Amino acid sequence: MCGVKCITFALWINILSVITEKTDFELELTPTKPVIHVGTDLELICQVKACPVNVTFKWRALLDKFHGGKIKDEQTVSRLLIRNITTEHNIKIVCKVICEGKPKERTSDIKVFSFPQDPVLPKIKSLIANQTQKLNCTVHNVYPLERIQIEWLRGDKTLFVDQPEESFNNVQPEESFNNVQSYSSVFSYTPSVLDLGKNISCKATLEIAEIGLEKTRNSNAEYGPGTITISSNNPSVKIGKHLEITCQADGNPQPTILWWKEETEPAQIKSQNEKLIINNASRSQAGWYRCDASNAVGSQQRRVKVIVLGPPNIPKIQLSQRGDPKEGENITILCSSDDGSAGLTLYKQSAASGALNKQAVLLNIPSVQITDGGIYICEAKNDFGTERSTINITVEALPDVVKMADLPVAILPAAGSVSLLTIAGLLIRYCRKKARTNSSNITLS
Ligand SMILES: *[C@@H]1O[C@H](CO)[C@@H](O)[C@H](O)[C@H]1NC(C)=O
Ligand SMILES: *[C@@H]1O[C@H](CO)[C@@H](O)[C@H](O)[C@H]1NC(C)=O
Ligand SMILES: *[C@@H]1O[C@H](CO)[C@@H](O)[C@H](O)[C@H]1NC(C)=O
Ligand SMILES: *[C@@H]1O[C@H](CO)[C@@H](O)[C@H](O)[C@H]1NC(C)=O
Ligand SMILES: *[C@@H]1O[C@H](CO)[C@@H](O)[C@H](O)[C@H]1NC(C)=O
Ligand SMILES: *[C@@H]1O[C@H](CO)[C@@H](O)[C@H](O)[C@H]1NC(C)=O
Ligand SMILES: *[C@@H]1O[C@H](CO)[C@@H](O)[C@H](O)[C@H]1NC(C)=O
Ligand SMILES: *[C@@H]1O[C@H](CO)[C@@H](O)[C@H](O)[C@H]1NC(C)=O
C-alpha cells in the first residue's frame, strides 16, 4: 500500500528517534566519591545538560535520612552545600531531575574520615640503656577507628606495630563528635646502646584502601638525657701532651653539653660542646671533670678523673717541732706528698731506711741524740722521675748539769731505741760525775 516511500518514511522516523535518544539530556553529579574530613565543608554539584526546558532538582539520601544541607538552584545547576561534615554524613546522596517527563538521577558516595592531629607522646624523663619503660602514644579524634595503625620506631627501625582490637579495649569515646574516638598504644620499650641518638617516633596511619585513603601522621618522643657515654673511662695524659675526651648524651632535643672542672672554687667551664680538650697538659689540669648534659626535658651528669702523668710533685719534709731539737727529745720527721702517683722514701743521707709506696712516711726518734743529726731526705718517685726534699737536723747538746738531773729518766725509757754506744758513753760520764760528788752505788740492769 504505501510501498517504498512508506518504508523510507518509517526509516526516517526511526533515525529521528535515534537522534532524539542521542540528544537526550545529561545529568552529572560531582564529586561522585568524595573522601572528606570531619569538620570540613562539602559541596555537591548537580548539573543538567541538553535539556530544552527548565527543570527542578531533588536531593535526597539513599537509605538514610539526611538534613542539614543548603541547596542553591540555578537554571541548569543545583548545589548542595554541607557544612561541618560529621560521621553522620557517611552516606550516599542522590540528585534527581525530570526533563520533559524523563527522570534521571546520579549518586554521590560520601566517605567521611577523621584524623586531625599528630599522635601525642608525653615527655619521657630519660631513657636508660637496658631499662624497660612504658611509652604511650595517643591519637585523638579518629574515624573510623578500626582502620588506624600505630607503628613505633627508633630511627627507621620498626620496634612494634599496634592496632585497635575488635573489642576496642583502649578506646575512649571523644566528647566533641559522635563517632570519633581516640586510641592509646602502650609499648614496653627497652632501649639498646646501639640505638642511642636516634629519634623514637610514633607513626599513626589511617588507611582505607577501598577508597584510596592513606594518611600518616608522625610524632617524635621528647626525652631527657639518660645514658651518657664518655669516650674514655680512665683518661690519662703525659705532661705537655694533648688529651681529648668526648661526652655524648642521648636525648631529644639534642642535649647541650658542658664540661666542668671540679675541685676548683667555683667550678670552671672547660668546654661548651661535647669535646673536652687538654692541650699541653700540666699537673694542675689533673683531677675530676664533669660532663653536664641537659635539654628542655631534663639533665644528667657524669664525672671522669683525668690523670696527668709526669715526674711526681715535690714532696714535703717536716720536723715535728720548731727549731733545732735538743738532745733526748722525742722527735718525728714526716715525709709527705699530695701526688698519689708517687712512692715515697725517707732516709738519712748515707744511711738508707724508710718505706716505699706510701702517701706519707713517718720517722720517730723517741730520744734524739747528737749523732742523729744530719741531712734527712724525703724522696718521691714514679715511672717518670724522682723529686726530693731535704731537711738539715742539728741536735743541740744539753748542758752537763741539765743532763745529769735528767739522766735516769732519759736513759730508762729510751734505752731500747738509743744506740748502745751512746748509752755506754753517757753511763761513763754519769759515773765519773757520781764519783766526783761521792754518791752511792747505782745498779743498772
Ligand atoms: C527558565 O527560567 C528562567 C528564569 O528562571 C526563564 O528566564 C527562562 O525563560 C526559562 N526557560 C524556559 C525554557 O522555560
Ligand atoms: C561542627 O559540629 C560539631 C558537632 O556536630 C560542633 O561541635 C562544632 O563546633 C562544629 N564546628 C563548626 C566549625 O561549626
Ligand atoms: C645491656 O645488655 C646487654 C645485653 O644483655 C649487655 O651486653 C650490655 O652490657 C648492657 N649494657 C648496659 C649499659 O648495661
Ligand atoms: C596513655 O595516654 C592517654 C592520653 O594521655 C591516657 O588517657 C592513658 O591513660 C595513657 N595510658 C597509659 C597506660 O598510661
Ligand atoms: C628528631 O626529632 C626532632 C623533633 O622532635 C627533630 O627536630 C630532629 O630533626 C629529629 N632527628 C632526626 C635524626 O630525625
Ligand atoms: C706548655 O706549658 C708549659 C708550662 O706551662 C710552658 O712553659 C710551655 O711553653 C707550654 N708549651 C706550649 C707548646 O704551649
Ligand atoms: C713521741 O711522740 C709521738 C707523737 O709526737 C708519740 O706518739 C710517741 O708515743 C712519743 N714517744 C715517746 C717515747 O714518748
Ligand atoms: C747543717 O746545719 C749545720 C748547722 O747549722 C751546718 O753546720 C751544716 O753544714 C749543715 N749541713 C749541710 C749539709 O748543709
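Whatever order the structure lists them in is the order used to number ligands and atoms, beginning at 1. This structure is a prediction, so every number in the text was calculated from the model and none was measured.
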task = Could you tell me whether atom 9 (O) of ligand 5 has at least one protein heavy atom nearer than 4.0 Å?
result = no

query = Just which atoms of ligand 5 are under 4.0 Å from any heavy atom in Asn220?
reply = 1 (C), 2 (O), 3 (C), 4 (C), 5 (O)

request  = May I ask you to check whether Phe113 and His37 place their ring centers less than 6.0 Å from one another?
outcome  = yes

inquiry  = How far is atom 5 (O) of ligand 5 from the closest protein heavy atom, and which atom is that?
reply    = Asn252 ND2, 3.0 Å

task = Taking only heavy atoms of Asn280 into account, list the atoms of ligand 6 that are under 4.0 Å away from them.
result = 1 (C), 2 (O), 3 (C), 8 (C), 10 (C), 11 (N), 12 (C), 14 (O)

Gap between atom CZ of Arg283 and atom CG of Asn313 - 0.5 Å precision = 4.5 Å

task = Output yes when Arg60 and Glu105 qualify as a salt bridge under the 4.0 Å nitrogen-oxygen rule, no when they do not.
result = yes

request  = With heavy atoms of Thr138 as the reference, note each atom of ligand 4 found under 4.0 Å away.
outcome  = 1 (C), 2 (O), 3 (C), 4 (C)

ask   = Does the Ser108 side chain pair with the main chain of Pro31, one donor and one acceptor, at a distance under 3.5 Å?
value = yes

ask   = Is there at least one protein heavy-atom neighbour under 4.0 Å from atom 14 (O) of ligand 6?
value = yes

ask   = Which of the numbered atoms in ligand 4 are below 4.0 angstrom from a heavy atom of Ser184?
value = 1 (C), 2 (O), 3 (C)

request  = Considering only non-hydrogen protein atoms, determine which one is nearest to atom 2 (O) of ligand 5 and report residue, atom name and distance to 0.1 Å.
outcome  = Asn199 ND2, 2.4 Å

key: Asp324 bridged to Lys326 by N-O distance under 4.0 Å   = no

